[in-house]
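Here is the structure we will look at, set down as structure tokens.
Lettering of chains follows the sequences in order, A, B, ..., and the numbering in each one begins at 1. No experiment lies behind these values; they were computed from the predicted model shown.
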Amino acid sequence: MTNPEPMSDARLEAALAKALGPGADDTAPLSRAVLSRMALDTASPRTQLTEVLVTHLPLTGLFLAALLFAGAIGHIFVSSDLTEAMTIISLIGSGI
Amino acid sequence: MAALAAGDRHAMAQVIRRHGPGLRRFLAGMLAAPHEAEDIAQETFLRVWSAATRYDPDKASPSTWIYRIALRLAIDRNRRTGFRRFLGLDAAPEPEDETPGAESSLAARQALGLARAGLAALPDRQRRALLLRAVTEMSTAEIAAVLGGTPGAVEQLLVRARSGLRALMGDKLL
């Protein structure tokens with residue numbers, strides 16, 4: 001048996017809201033989850049930056065130092081006279 | 001909102017208490033994958049927290065601002081869900097609720113399914129307008145501010161949405 005009276009706008013909307021919200025009024029779990037994520041998000045940017053620097057900064061420094069050293073050696077060999085370089089090589093070779 | 005912008009977490013808890021229930025209902029009706037409603041609700045409040053300093057009370061009321069954020073997130077999530085379903089990545093059925101008391105809430109779940117089926121049959125803008133009216137009791141002007149458009153257009157959307165839902169559901173929702 002159906003209701004001959006059409007549902008009023010307010011009743012329709014109330015029924016819709018009720019149907020969509022089983023358990024929606026208990027906001028404690030939502031609140032806990034949001035506040036926890038807020039705490040994590042607040043800490044994370046600085047923490048991540050520190051972690052990255054601690055892990056990679058020494059390695060990066062070492063790599064850059066090696067790169068500079070190699071560059072300096074290359075510069076010395078290129079800028080100096082070729083015969084001089086050959087002399088150094090032959091001296092090193094004769095030492096062996 | 002000023003306390004929120006100042007970093008007051010108690011104010012955030014109050015905002016969640018005030019807007020959380022309505023927001024969850026809104027998202028349950030909006031999302032193509034309703035089990036994601038809790039996740040998007042959390043995301044919405046996190047966005048509110050991080051953007052609180054940029055909130056301008058002259059431009060929007062707090063509820064209008066919050067629901068606008070939620071709406072954008074829901075639209076974005078629905079787009080992704082649609083794409084995943086298109087690719088066949090999201091075709092698995094939703095897991096059954098195995099928590100104690102789940103059987104006793106069978107009627108509530110049936111009502112939820114019914115409401116969602118009815119809403120899914122409505123055009124997007126009609127569904128959004130009706131949801132905002134039903135779960136937040138916003139005025140027509142406030143709904144227009146969330147959705148964009150004029151109050152008159154929103155009123156038309158509401159009339160059509162109610163009429164469409166009545167035609168689809170009759171009095172099954174009661």
Side-chain angles (χ1 to χ4, degrees), chain A residues 1-69 71, chain B residues 7 9-10 12-30 34 37-39 41-46 48-50 99 101 105 107-116 118-119 130-131 133-137 158-159 161-163 165-166 169-174:
Chain A
M1 186 176 170
T2 56
N3 187 354
E5 288 286 317
M7 212 190 301
S8 74
D9 292 351
R11 279 183 74 199
L12 176 74
E13 285 157 12
L16 186 62
K18 188 183 168 192
L20 287 171
D25 290 324
D26 180 15
T27 56
L30 177 64
S31 192
R32 272 197 300 274
V34 172
L35 292 173
S36 303
R37 285 180 65 182
M38 273 162 53
L40 284 174
D41 286 354
T42 313
S44 61
R46 285 178 190 168
T47 310
Q48 283 170 5
L49 182 65
T50 312
E51 281 171 2
V52 167
L53 288 179
V54 163
T55 312
H56 298 291
L57 198 61
L59 285 174
T60 309
L62 202 64
F63 175 73
L64 286 175
L67 204 64
L68 278 172
F69 180 72
Chain B
R9 285 163 195 266
H10 293 294
M12 188 68 216
Q14 282 182 346
V15 168
I16 294 171
R17 261 199 304 278
R18 183 169 181 186
H19 296 286
L23 197 66
R24 278 169 152 177
R25 290 185 174 102
F26 174 68
L27 291 169
M30 267 295 296
E38 191 72 12
D39 185 38
Q42 288 181 24
E43 193 61 38
T44 302
F45 285 119
L46 286 172
V48 166
W49 173 253
S50 61
T99 52
S105 66
R109 280 192 285 156
Q110 283 175 340
L112 176 63
L114 206 61
R116 286 186 44 77
L119 287 167
L130 185 60
L131 274 170
R133 172 57 62 86
V135 305
T136 66
E137 296 177 354
L158 285 170
V159 169
R162 289 181 194 120
S163 165
L165 201 61
R166 277 197 193 96
M169 316 294 293
D171 58 355
K172 286 181 197 165
L173 271 177
L174 284 180

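Every salt bridge (Lys or Arg N to Asp or Glu O under 4.0 Å) that Arg162(B) has, sequence neighbours left out, goes to Asp9(A), Glu13(A). For Ala28(A), the side-chain contact (heavy atoms from CB on, under 4.5 Å) test picks out Asp26(A), Arg32(A), with sequence neighbours left out. Remark: Glu38(B) pairs with Arg24(B) by the side chain to side chain donor-acceptor pair (under 3.5 Å) rule, at least two apart or across chains.
Taking CZ from Arg9(B) and CE from Met38(A), the interatomic distance works out to 4.5 Å, rounded to the nearest 0.5 Å. Rounding to the nearest 0.5 Å places CG of Leu35(A) at 9.5 Å from NE2 of His10(B). Atom CG of Leu12(A) is separated from atom OG of Ser163(B) by 10.5 Å, given to the nearest 0.5 angstrom.
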Tell me, with the steps shown, if Phe45(B) and Val15(B) meet side-chain contact (heavy atoms from CB on, under 4.5 Å). CA-CA 9 Å; Phe45(B) 285 119; Val15(B) 168; 3.9 Å; yes
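Contacts between Leu119(B) and chain A at a heavy-atom distance below 4.5 Å involve the side chain alone, from C-beta outward. For Leu131(B), the part lying near chain A is the side chain, with the backbone staying farther off; criterion is any non-hydrogen pair under 4.5 Å.
Contacts from residues 62-69 of chain A to chain B, taken as heavy-atom pairs separated by less than 4.5 Å, involve no residues at all.
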